[in-house]
Number of protein chains: 2
Amino acid sequence: MAQTRILPPAENAYEYPLLIKRLLLSGPRYNPDQEIVYSNRSKYTYTDLVERIHRLANALTDAGVKPGDTVAVMDWDTPRYLECFFAIPMIGAILHTVNIRLSPDQIVYTMNHAEDDVVLVHDDFLPIIEAVKDEIKTVKTWIQLTDSDAAQQAPVEAVGEYEDLLARANDKFDFPDFDENSVATTFYTTGTTGNPKGVYFSHRQLVLHTLAMTGTVASFDEMPLMRSSSVYMPVTPMFHVHAWGVPYAATMMGIKQVYPGRYEPELLVDLLKEHKVTFSHCVPTIMQMMMATESIKTADLSNWHVLIGGSALTKGLCDAGAKLGIKLYTAYGMSETCPLLCASHLKPEDLELPLEQQTAIRVKTGIATPMVELEIVDPEGNPVPHDGEAKGEIVARAPWLTQGYFKEPEKGEQLWEGGWLHTGDVASMEPDNTITIKDRIKDVIKTGGEWLSSLDLENLISQHSAVAGAAVVGVPDEKWGERPHALVTLKPGEQASAEDIQNHLKQFVESGEINKWAIPEHIDFVEDIPKTSVGKINKKLIRDQLQ
Amino acid sequence: MAQTRILPPAENAYEYPLLIKRLLLSGPRYNPDQEIVYSNRSKYTYTDLVERIHRLANALTDAGVKPGDTVAVMDWDTPRYLECFFAIPMIGAILHTVNIRLSPDQIVYTMNHAEDDVVLVHDDFLPIIEAVKDEIKTVKTWIQLTDSDAAQQAPVEAVGEYEDLLARANDKFDFPDFDENSVATTFYTTGTTGNPKGVYFSHRQLVLHTLAMTGTVASFDEMPLMRSSSVYMPVTPMFHVHAWGVPYAATMMGIKQVYPGRYEPELLVDLLKEHKVTFSHCVPTIMQMMMATESIKTADLSNWHVLIGGSALTKGLCDAGAKLGIKLYTAYGMSETCPLLCASHLKPEDLELPLEQQTAIRVKTGIATPMVELEIVDPEGNPVPHDGEAKGEIVARAPWLTQGYFKEPEKGEQLWEGGWLHTGDVASMEPDNTITIKDRIKDVIKTGGEWLSSLDLENLISQHSAVAGAAVVGVPDEKWGERPHALVTLKPGEQASAEDIQNHLKQFVESGEINKWAIPEHIDFVEDIPKTSVGKINKKLIRDQLQ
């Protein structure tokens, strides 16, 4: 380590730990009367938010919560959840945002693994608790959340209902200072195999993510997403990587926030219209559902800017959005990365381009955001050329990446192999630093020493007029290591042979989009392509079946 | 300290120190071909900037610079200086930005006190070095900077000229990791008494200041100051609190930067026009000088946004700026605070107001920026009411405040009395959290247990039609502690008596602007009001003379 000069602070000097309580300083100061809206139910001001956070901290403390405890939340996207984002870490406890879309078995696994001490649970999820209550090991205290006049009968004994507890609690809490490396939040990420894995983020990490995100979205030329006049509505769940961390940033900047509760497409569109929402983030599926509503046809969405993540923003969705006036951008990250790593970056001159050329930029994975180190590397960890062709795994360093998986040191070591966080995504990088994701590394086909994107092949096969869907996986091959194997479903009444598909692919060899060796020898026509519970192609199952 | 949970990182996990080298990641990535302009002399791209920073690091290392060394720079505002902002701290050394406006005696004091090892000095400052060279104690190495074809003959032996050294140096440097609390920069702040005092900032502090500043300026609704299409030109010197830290933020965001060299008003206006500058910062005096040029009359300045600091932005200057289309904002901070603490905050609805009402908001000190804790306190350190009336000293906590004065621990303890940085500024705070500075604490008049602003009184006296200027100081008084004493200069040919001035002030008692006891019993008419070398009223001298 270089022998730099480090000076001790003056005797009285205050060293300033990066704590979540400090994100709450500026928003209420900028705009004390700014609104925080709960769907079509209620609203309150930033001044109220601060008071409620203080009351919640007292209510939790009164219920026995101590620093270091883990407090789980099972709720829809509500201002209550925003209050938990702040109050729970601010008393030194850990916020566990429970993924309510997991199976009850997986939910109880995560609650036990995280060692939850307290659970705040909405009426709607009491049936889950009912089903698994005998397996819950560490929870000592339950708090009920309700949107009705009175909380429902619970299968566990609760200390009270959230609003009742807040009403009874003192409205001043003296939030302590502590080490900025204290764990603030945790949640679980699921793969196709094995148990969910717990990622965790410290106060320091969340503060830095918030600050960098604000700067990043400030650089969007078209309309910076985070300024006084912005109106924010999350459309990715708050349990999913803290709604991508945007609620922290929006609160820091004091902008209007609209929490939709449940994701009902008609309701979401109504809220967009009523509150003139300018900034959201969501996965492609929800965007498609909103676009399919009747009411969106009468909405003025020319000022609605949406970060798309979770799955790739396709050209089709981006163009459909543009027709409605919606500005879509790609954002890239994962549960392990807090999540922001990368986002679309349109330069001023790009905004002068025809819409279809803008789409070509918006659908790329984008350019890494400030303070993020990002590289694409070969299996030995060496950077591959930034020529838009060579593929490598995206590896990252940033101040806000999970430092491991909770209580699974070996998996943490794998994640951090060689001192870089391995995303498991394969991408190419253009000379202008723009990244495009090509595949998941476990799905990429390693053939003849080259990486072949299964996603690219699927897209090209799907362009055949008879094809309804396609899945491509690598199968072991003595000579080439692996060779691509395609499963194809046909549209009703259509016919095609393997040779037809191969001939169709040859045009892309001629146009230079793929190499000759990318054309699969093996093409099977099937009735259905195996999917996972969340609707993704289950390539692991396909590979197992082909073996 | 609360017993929070701190988890050790996975064995391979990379802990991410906040180092200045990381501010350099994103700008060149966003805009490799973006321009950095040196006045009307030359320009280069962000790609060139990165290469030159690597070359400078090698050139310095070749010249013997080691981590922990102090490297001083005496230059105008140039891209060279920007390179030093990065390369010097990035190798683990400390950048000393020498205040070239100090007297040669003070300059040599700061160089000896900072223990400068290396000095980079521009031709124009060689006469200073010539005058004091025998008193310089620690400097081992000199590097010359020139804007001519060849460097001038130097009074000290230099290892070479900057451009020559860069041309000879390797273009790749492996910048090390080290503790983020390492000192990155130092410079000296001067008061009316005593020697200059050295403040210092760590890598962590500068990174956090940069991130928070980017978010702050993102919240400016009228036009966020830092987005891809922005063009930045500093008009406060780079030696003065790193040009308020904006070059770091601009570089992180990859925006076009224009460095003007010397501050010649006609040249500055020409650069504004040629490069369509959108964002600057300066002190009122320079703004007045630019406004007085002939060429500004033909400039379209409707997209020029300027933060005003150093002295108060007056209503007159703000209105004059508005007439030219310039958007002026107050920014508040000091050398000890890196500097950003506070800035004008116009809400969307404020921008709908008539210009004169906007001015009333723009000239206030503003609202504290994100991550800053700010309070106004009485002499016992207790907060005074936020009613727009009560006055208190501004005290602050933030992640980027100097932790003391270099080698002067007692002064550092005073600065940080009670764990808050004492700014020495007296202000009131309105219920909407807007701060207005009223006085320096050493100039405020403590009478009958109340604080009376000398600045307020001076402003009111100056509104008398016969008055050219006024200075008010507190003089000891047995009954009241202190009483105000006014010195007044009259306009040529005008006459007024003490009673005239007192009667003039009575209208402000009636309108409620001041209390009856604020009217000075003692009013002297003088030829000249004593001023300091930088043109401020020398109240210390006035108090000494009155005793």
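The figures that follow rest on heavy atoms only: side chains count, while hydrogens, waters and symmetry mates do not. Every chain is numbered from 1, with letters handed out A, B, ... down the list of sequences. Worth saying up front: this structure is predicted, and the values here are computed from it rather than measured.
- Here Pro348(A) is the residue among Gly412(A), Ala212(A), Pro348(A) with the most heavy-atom pairs under 4.5 Å with chain B.
- Only the side chain of Ile94(A) comes within less than 4.5 Å of a heavy atom of chain B; its backbone N, CA, C and O stay farther away.
- Contact of Phe406(A) with chain B is made through the side chain alone, with heavy-atom distances under 4.5 Å.
- Of the residues considered (Asp69(B), Thr369(B), Leu421(B)), Thr369(B) shows the highest number of contacts with chain A, using heavy-atom pairs under 4.5 Å.
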If you apply the rule side-chain contact (heavy atoms from CB on, under 4.5 Å), what do you find for Gln3(B) with Phe178(A), and how did you get there?
CA-CA 8 Å; Gln3(B) 285 301 307; Phe178(A) 42 76; over 6 Å; no
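- Here the shortest heavy-atom pairing between Tyr30(B) and Lys347(A) reads O-CE, 3.1 Å.
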With side-chain contact (heavy atoms from CB on, under 4.5 Å) as the criterion, how do Gln403(B) and Leu7(A) come out once you've worked through the C-alpha distance, each side chain's angles and the decisive distance to 0.1 Å?
CA-CA 8 Å; Gln403(B) 296 282 291; Leu7(A) 293 172; over 6 Å; no
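- Distance check, rounded to the nearest 0.5 Å: CG of Leu25(A) to CZ of Arg397(B) gives 11.0 Å.
- Atom CE of Met371(B) sits about 8.5 Å away from atom OG of Ser26(A), to the nearest 0.5 Å.
- Of the atoms belonging to Pro431(A), not a single heavy atom falls under 4.5 Å from chain B.
- Shown here is Glu410(A), whose CD atom has no more than 12 heavy atoms of other residues, nucleotides or ligands within 6.0 Å.
- With respect to Glu180(A) and Arg204(B), a salt bridge is recorded, a charged nitrogen being found less than 4.0 Å from a carboxylate O.
- Between the side chain of Arg29(A) and the main chain of Thr434(B), no donor-acceptor pair closer than 3.5 Å is present.
- Between Ala10(B) and Trp416(A), the closest heavy-atom pair is CB-CD1, 4.4 Å.
- In this structure, Leu211(B) and Leu208(A) have side chains that are in contact, with non-hydrogen atoms separated by less than 4.5 Å.
- Neither the backbone nor the side chain of Ser202(A) comes within contact range of chain B, judged by heavy atoms closer than 4.5 Å.
- Both the backbone and the side chain of Leu18(A) come within contact range of chain B, with heavy atoms under 4.5 Å apart.
- Around atom NZ of Lys411(B), more than 12 heavy atoms belonging to other residues, nucleotides or ligands sit under 6.0 Å away.
- Using a 4.5 Å cut-off between heavy atoms, Thr210(B) makes no contact with chain A at all.
- No side-chain donor-acceptor contact under 3.5 Å links Tyr14(A) to the backbone of Ala398(B).
- Of all the listed residues (Arg22(A), Lys66(A), Glu349(A), Glu15(A)), the one sharing the greatest number of non-hydrogen pairs under 4.5 Å with chain B is Arg22(A).
- For a residue to count as touching a neighbouring chain, one of its non-hydrogen atoms must lie under 4.5 Å from one of that chain's; by this rule Tyr200(B) touches chain A with the side chain only.
- Both the backbone and the side chain of Pro370(A) come within less than 4.5 Å of a heavy atom in chain B.
- Heavy-atom pairs under 4.5 Å with chain B peak, among Pro176(A), Ser229(A), Pro17(A), at Ser229(A).
- The candidate with the highest count of non-hydrogen atom pairs below 4.5 Å against chain B, out of His345(A), Glu417(A), Glu11(A), Met252(A), is His345(A).
- Interface residue Asp432(A): only backbone heavy atoms are found under 4.5 Å from chain B.
- Among Gly27(A), Pro8(A), Gly68(A), the residue with the largest count of heavy-atom pairs under 4.5 Å with chain B is Gly68(A).
- Looking at Asp179(A), the atoms closer than 4.5 Å to chain B (heavy atoms on both sides) sit in the backbone and in the side chain alike.
- When each of Pro28(B), Pro9(B), Ala368(B) is checked for heavy-atom pairs under 4.5 Å with chain A, Ala368(B) comes out on top.
- Of the possible polar contacts, one joining the Asn12(B) side chain to the Glu413(A) backbone as a donor-acceptor pair under 3.5 Å is found.
- Interface remark: Pro399(B) contributes backbone and side-chain atoms alike to the contact with chain A (heavy atom separation under 4.5 Å).
- Of the listed residues (Gly419(A), Gly404(A), Pro32(A), Gly92(A)), the greatest number of heavy-atom pairs within a distance under 4.5 Å of chain B belongs to Gly419(A).
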